[in-house]
Amino acid sequence: DIQMTQSPSSLSASVGDRVTITCRASQGISNYLAWYQQRPGKVPKFLIYAASTLQSGVPSRFSGSGSGTDFTLTISSLQPEDVATYYCQKYNRAPFTFGPGTKVNIK
Amino acid sequence: EVQLLESGGGLVQPGGSLRLSCEASGFTFRSYAMSWVRQAPGKGLEWVSVISDSGGTIYYADSVKGRFTISRDNSKNTLFLQMNSLRAEDTALYYCVKGPSVALLDYWGQGTLVTVSS
């Protein structure tokens, strides 16, 4: 099965900073990559699919890119409400494995 | 408004069984794939299983294959997860999730907690 990794595992940044999270697949998955946000104590929220397509209602400061094995989630200007753990998920074929998550905090 | 209400969680001994249910409302249940995703306390998300809108396509994570069975009753807008031969490592919050497709997860329930312990 394809394994998903994320880096860093956690980060702290200031409000307004540009934040980038990396997700890597152990084999190529084309653009079958989704991102989810889980705020502390809350249920996950669907952010991005097809590596770069924003789900309806997601702020435009979020963006995704990548194809094949390497993907990134970028927050262009970090806001306090972006404090959360972010998970990538591959969905080219089952099992639809999640990455281990990246925890984003405010410095 | 999409609502997903899980139930059936609780404390069970290792080797025991539980049946989780998820009552759906606010959308045409029979038209969408439904999934179960779990999260152990303080840990990350783990995809568990998915069933297509008609029930004709089902997938499982290797960690639950042969022990868990997903099913749905489209006449009652309800998703199920039958969990047998439970292990301590199955302890988690189990989310019922609607998908815009078999693979994606757009609306999540609040979860039901399953604790496997003697």
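A note on names: the letters A, B, ... follow the listed sequences, proteins ahead of strands, and every chain is numbered from 1.
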Exceeds 12 heavy-atom contacts within 6.0 angstrom, atom CZ of R67(B): yes
Neighbour count >12 (heavy atoms, 6.0 Å) for atom OH, Y107(B): no
Minimal non-hydrogen separation, F98(A) against L105(B), with atom names: CZ-CD1, 3.6 Å
Other residues, nucleotides, ligands: >12 heavy atoms within 6.0 Å of Y32(B) OH: no
Proximity breakdown for Q39(B) and chain A, heavy-atom pairs closer than 4.5 Å: side chain
Contact check, side chains of P44(A) and L45(B), non-hydrogen atoms, under 4.5 Å: yes
OH/Y59(B): more than 12 non-hydrogen atoms of other groups inside 6.0 Å: no
Interatomic distance, L104(B) atom CG to Q55(A) atom CD [nearest 0.5 angstrom]: 8.5 Å
Other residues, nucleotides, ligands: >12 heavy atoms within 6.0 Å of K103(A) NZ: no
Hydrophobic cluster identity match, V19(A) and V58(A), side-chain contacts under 4.5 Å: yes
Interface moiety of N92(A) toward chain B, non-hydrogen atoms closer than 4.5 Å: neither
Portion of V48(B) that has a non-hydrogen atom of chain A nearer than 4.5 angstrom: neither
Whether over 12 other heavy atoms sit under 6.0 Å from R93(A) CZ: no
Contact origin within K42(A) toward chain B - heavy atom pairs under 4.5 Å: backbone
Side chain / backbone / both / neither for V97(B) at chain A, heavy atoms under 4.5 Å: neither
Residue among F96(A), Y91(A), Y87(A), Y36(A) satisfying ring pair (Phe, Tyr, Trp, His ring centres under 6.0 Å) with W47(B): F96(A)
